[in-house]
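What follows is a short report on a single structure.
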Amino acid sequence: QVKLVESGGDSVQPGGSLRLSCAASEDTTCMGWFRQSPGKEREGVASIDNEGLTTYADSVKGRFTVSKDNAKNILYLQMNNLELEDTAMYYCAADKYGDVWYCFYDAGYWGQGTQVTVSS
């Protein structure tokens, strides 16, 4: 029911920055970012609810910031000081009923993903 479209993925050097965005077709109660690298399990990166509560994976704390424009239904992920290990397909997710934790571990709707590659 909710359509999600990610953008902003690119190739960047270690230490660089990147800003991802995700446009949702309708209102949601929470949104989040997940990532998956070849041979690894999908992991939650960051999530946020409409009150501004957030949660982050330990590996990105202090480097990534998640935010949401509730009026425009646009989710953002500001990624700074990128590392080689951040290379992955990043997926946007959202739910119309879940809380911030639900959008960190699972969600009802998913985007197609945007590729982030960190290399020298």
Side chain to side chain contact (heavy atoms under 4.5 Å, CB included) test vs M89 passes for just one of E6, R42, Q115, namely Q115
Following the transitive rule for hydrophobic clusters with a side-chain heavy-atom cut-off under 4.5 Å over Ile, Leu, Val, Met, Phe, Trp and Tyr, establish whether V66 and Y91 coincide in one cluster. no
In terms of ring plane angle, is the pair Y105 and W101 parallel, tilted or perpendicular, where the classes change at 30° and 60°?
parallel
So CD1 of I48 and OG1 of T29: to nearest 0.5 Å the spacing works out to 12.0 Å
So NZ of K68 and OG1 of T28: to nearest 0.5 Å the spacing works out to 3.0 Å
Handout entry: Check: D49 side chain, D99 main-chain N or O, donor-acceptor pair, under 3.5 Å
Key = no
**Prompt:** Tell me, do M79 and D86 make a side-chain contact under 4.5 Å, heavy atoms counted?
**Reply:** no
All heavy atoms of L18 vs all of G8, minimum pair found to be CG-O, 3.6 Å
message = Looking at D69 and I74, would you say the former's side chain and the latter's main chain have a donor-acceptor pair under 3.5 Å?
response = no
Open item on the list: Hydrophobic clustering (ILVMFWY, side-chain heavy atoms < 4.5 Å, transitive) - are L20 and L84 grouped together?
Closed with: yes
| Is the distance between the ring centroids of W33 and F64 under 6.0 Å? | no
Between Y90 and R35, the two heavy atoms sitting closest are OH-NH1, 2.9 Å
Hydrophobic clusters here meaning ILVMFWY residues chained together by side-chain heavy-atom distances under 4.5 Å, can you tell me if M31 and L77 are in one? yes
When rounded to the nearest 0.5 Å, the distance separating SG of C103 from OH of Y97 is 13.5 Å
Closest non-hydrogen contact found for G44 with A57 is O-CB, 3.4 Å
Does any non-hydrogen side-chain atom of D27 lie less than 4.5 Å from one of N73? yes
For this session: State whether a side-chain donor-acceptor pair under 3.5 Å links S47 with T55.
Result: no
Taken to the nearest 0.5 Å, the spacing of L82 CG from Q13 CD works out to 11.5 Å
| message | Please determine whether residues F34 and V118 belong to a single hydrophobic cluster, defined as Ile, Leu, Val, Met, Phe, Trp and Tyr linked transitively by side-chain heavy-atom distances below 4.5 Å. | response | no
- Look at atom CD of E51 and say whether more than 12 heavy atoms of other residues, nucleotides or ligands are closer to it than 6.0 Å. no
Side-chain heavy-atom pair E26, K96 within 4.5 angstrom cut-off
yes
Whether the side chain of S37 engages the backbone of T87 through a donor-acceptor N/O pair (distance < 3.5 Å, no angle test) should be reported. yes
Same hydrophobic cluster for W110 and Y76, using side-chain heavy-atom links shorter than 4.5 Å among ILVMFWY?
no
